[in-house]
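Report on the structure given below.
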Amino acid sequence: MSRFEQLQHSTLAEPLRFLAGYRSTCLKPDLAAGLTVAVILLPQAVAFALIADLPPEMGLYAAVVAALAGALWGSSNQVHTGPTNAISLLVASSLLAVGGADAGNVVVAAGLLAFMAGLFQLVMGVAGLGMLVNFVSHSVIVGFSTGAGLLIAIKQLQPLLGIEGGGEGVLHTLRSVAESLPQTQLPTLALGLSTMVVIYAVRRVRPALPGALLAMAAATTVVFLLRLDQQGMAVLGELPRGLPPLQALPLLDLDQMARLSVGALAVGAIGLVETTAIARSMAAQSGQRLNSNQEFVGQGVANLAAGLFSGYPCAGSFSRSAVNFKAGARTRMSAIFSAAFVLAAMFLLAPAAAYLPRSALAGVLIVTALGMLDLAEIRRIVQGARDDAWILGTTLAGTLFLNIEFAVLAGILLSFAFYIRQTSVPQVVSVLPDRQFKHFVPQRDRAGCPQLGVVEIRGDLYFGAVSHIETALQQLQARNPQQRYLLLRMRGVQQCDFSGIHALENVLREYHERGGDVFLTRVTRPVMRQMISTGFHRHLGRDHFLTQDNAVHHLFHRVIDPAVCIYECPVRAFRECQNLPKPEYPETVSLHTEMPRAWERQVDPLELWRRLHETPPPRVIDVREPREFRQGHIAQAELIPLPSLLAGPPELPRDQRLVLVCRMGRRSSRAAYALQTAGFEQIEVLRGGMLAWEDANLLEAID
């Protein structure tokens, strides 16, 4: 692959791919959507810069540069990047770390904050860590947006009323406003309230019109005609006209970077989560396939560019993205056109800002802030999952009453904490077949099989969860001490690390020590690869990995003891149990399940067939039930059912070879053990029982 081809395949070469694939048929709809968004972006850029306590031109610079860079390096066709209300409030809080220095230093610090946040986002995208936003709860965004909306509205009360003062904190600000109410400037208040009324009226009558822009234009006209600026009404002041200037950032000032680091992390994280949520929402409507890592790169480059060109941190805007989508935007070129239109407006309309009243901007911001309060979503979260309610409450309270950066990071960390808690305690559920024997389901009101426990693990087997899983399995063992065999259903285990392998080895060892065994079914491919790479599949045994359809059938006929099923177990938990022969004995037989494993001598069917034709032949004892015996048996065999044999020492010759027979060999092994304990020495067991005898075609030959 050539150097140019390598560049094309990198995330940083997205502009080349985008521009090379742009189609002329998208030009007209993108142009119309860009103009529509620019009409909304222009007043928002000025207003949001004021939320960040920054000069209004920084909002315009950020609007132009971030929209351009976010479109070129992003992935979503509809997401519009630029100043947002929540990020602006977070920037204002983060810049308090500068220490209240002169305005020039704050401006540079805002650029440095954007650069640091962008670098963090860019590294995340290039490293392919876009999936990390999936672990941040939606409740963090709802809590922060709600708190930010309340803070923005409260902060705008003073310019709305035309009073001085303020404070750092909700309670201090409200107390200051209450104390300054007698100094309210009624013309200022009237103009601000009128702005709000116009916005709401336009939304109600003609929602497609830019209500904020119309209201601000009307307020500016009133100030100009009545010369209210000369009567003491606070106005924005004329904006500079020109391209966003390149700004030298103190990238070697480690002290200042350290002071801004927490804020940069919070800004970068919230920006990514917000933008990703918006991109997914737009993609769900448009059908576009998103690249989260590329979106991270786009946000990172946008913030880097905003910092270098006299802007401040930005993110995806839901309101502008929704307008962009509804206006018919086909590609990201619509965002580029919106940046071009805003840049043109800066040259044409900058002088008009000299008459734009601050109270009108305050009214616009209060309307915007109130729109951030999604009461229906808050109600759903509070009434829903408790963990999400805690995350929402923590983030909301922290945003209102604590340092905002800390509140954001606390909400994110709480999301991770709840996720870790949920994944570290996966469900370990004992299951049984339903009444139709089609599905395994938890049935606490039914007794389980006394020999075989069927357990389903619903969660990953990783280092954080193995302790819980081992403890849960030990508790199941303690409640069912007679269960010597375990069938683990692994469908819900998608990942298994080395700690998980060790946990399975420990479980296997414990069951072996009890004379039992462990079997697995429905093992997923990633888990099976891990088991093969670590050698666990050999340690367990390849024949211990069973398929879903024949797992219980195999264990019933090949592993568990049918004598226990017939004589001691009243449960009949599985389909295979339903046709077991009923014991015809008045008293319950004790089988003494503490039997050594594989101790007896065995004889193959063909060898027994040859011996039966020798002189003297061995004596064959069939220990099955009479019903089984009548269905087919070895011609020379005599029936002594296992309960009769265990009831007391049978009257059998001790100097003659005895061969014990049952269906598969397990009841005969138990009988052989009992006879050996009683002093019989010449005892053998037919290997594989009558099933093996029939497989060798000997039943017909003898009968």
Side-chain angles (χ1 to χ4, degrees), residues 32-51 56 59-60 63 67 78 80 82-86 88-89 145 148-150 152-153 155-157 159-160 187-225 228 233 235-236 239 278 316-329 334-335 337-339 341-342 344-346 348-350 352-353 355-375:
L35 178 59
T36 304
V37 172
V39 172
I40 298 173
L41 176 58
L42 186 63
Q44 282 189 351
V46 174
F48 293 161
L50 296 180
I51 293 177
L60 294 172
Q78 280 78 35
H80 191 279
T84 67
N85 41 23
S88 298
L89 183 64
S145 298
L150 293 173
I152 291 170
K155 284 186 64 176
Q156 297 307 311
L157 289 177
L160 179 69
T188 300
L189 176 60
L191 201 56
L193 293 177
S194 299
T195 302
M196 298 172 64
V197 171
V198 170
I199 294 174
Y200 283 119
V202 171
R203 285 184 181 178
R204 188 175 184 84
V205 178
R206 296 290 298 274
L209 294 177
L213 185 62
L214 293 176
M216 290 170 61
T220 302
T221 303
V222 170
V223 172
F224 175 75
L225 294 177
L228 295 178
M233 181 173 290
V235 293
L236 186 62
L239 297 175
I278 295 167
S317 165
F318 183 81
S319 61
R320 295 195 301 272
S321 299
V323 169
N324 194 33
F325 177 70
K326 291 178 181 178
S334 62
F337 287 141
S338 72
F341 286 128
V342 169
M346 288 170 57
L348 298 175
L349 303 178
Y355 301 99
L356 179 60
R358 293 293 300 270
S359 61
L361 280 172
V364 171
L365 290 175
I366 290 175
V367 171
T368 303
L370 295 179
M372 298 171 65
L373 309 182
D374 193 343
L375 299 181

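Fair warning: this is a prediction, and the values are worked out from it, not measured in the lab.
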_Applying side chain to side chain contact (heavy atoms under 4.5 Å, CB included) to Ile40 and Leu213, what does each step give before you reach the verdict?_
CA-CA 7 Å; Ile40 298 173; Leu213 185 62; over 6 Å; no
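- In this structure, the separation between OG1 on Thr84 and CG on Leu89 is 10.0 Å, given to the nearest 0.5 Å.
- Checked by atom type and distance alone, the side chain of Ser321 pairs as donor or acceptor with a backbone atom of His80 at under 3.5 Å.
- Once rounded to the nearest 0.5 Å, the distance linking CG of Leu365 with CD1 of Ile152 reads 7.0 Å.
- Within a 6.0 Å radius of CZ in Phe318, no more than 12 heavy atoms belonging to other residues, nucleotides or ligands are found.
- Between Leu373 and Leu370, the closest side-chain pair of non-hydrogen atoms falls below 4.5 Å.
- Within the model, atoms CZ of Phe337 and OG1 of Thr36 stand 13.0 Å from one another, a figure rounded to the nearest 0.5 Å.
- Remark: Ser334 engages Asp30, Ala33, Asn324, Ala329 in a side chain to side chain contact (heavy atoms under 4.5 Å, CB included) (not counting sequence neighbours).
- Distance check: Thr368 OG1 to Asn85 CG gives 6.5 Å after rounding to the nearest 0.5 Å.
- One finds the CG atom of Leu42 at 7.0 Å from the CE atom of Met216 (value rounded to the nearest 0.5 Å).
- Legend: residues meeting side chain to side chain donor-acceptor pair (under 3.5 Å) with Thr188, ordered by chain and number and at least two apart, are Gln185.
- Shown here are the side chain to side chain contact (heavy atoms under 4.5 Å, CB included) partners of Met196, two or more places apart in sequence or in another chain: Leu193, Ile366, Val367.
- Looking at every heavy atom in both residues, Ile51 comes nearest to Lys155 through O-NZ, 3.5 Å.
- Residues Leu35 and Ser338 have side chains not in contact (no heavy-atom distance under 4.5 Å, counting atoms from C-beta outward).
- The one candidate from Val235, Leu160, Leu50, Leu191 that meets the side chain to side chain contact (heavy atoms under 4.5 Å, CB included) condition with Arg358 is Leu50.
- Ser317 meets the side chain to side chain donor-acceptor pair (under 3.5 Å) test with Ser319; sequence neighbours excluded.
- Between the CG atom in Leu356 and the CG atom in Leu361 there is a gap of 4.5 Å [rounded to 0.5 Å].
- Applying the side chain to side chain contact (heavy atoms under 4.5 Å, CB included) criterion to Ser194, with sequence neighbours excluded, gives no partner residue.
- Gly59 and Pro83 make their closest contact through O-CG, 3.6 Å (heavy atoms, listed as atom of the first residue, atom of the second, distance).
- Shortest non-hydrogen contact noted between Ala38 and Phe341 is CB-CB, 3.5 Å.
- The side chain to side chain contact (heavy atoms under 4.5 Å, CB included) test applied to Thr195 returns Ile199, Ala215, Ala219, Ala360, Val364, not counting sequence neighbours.
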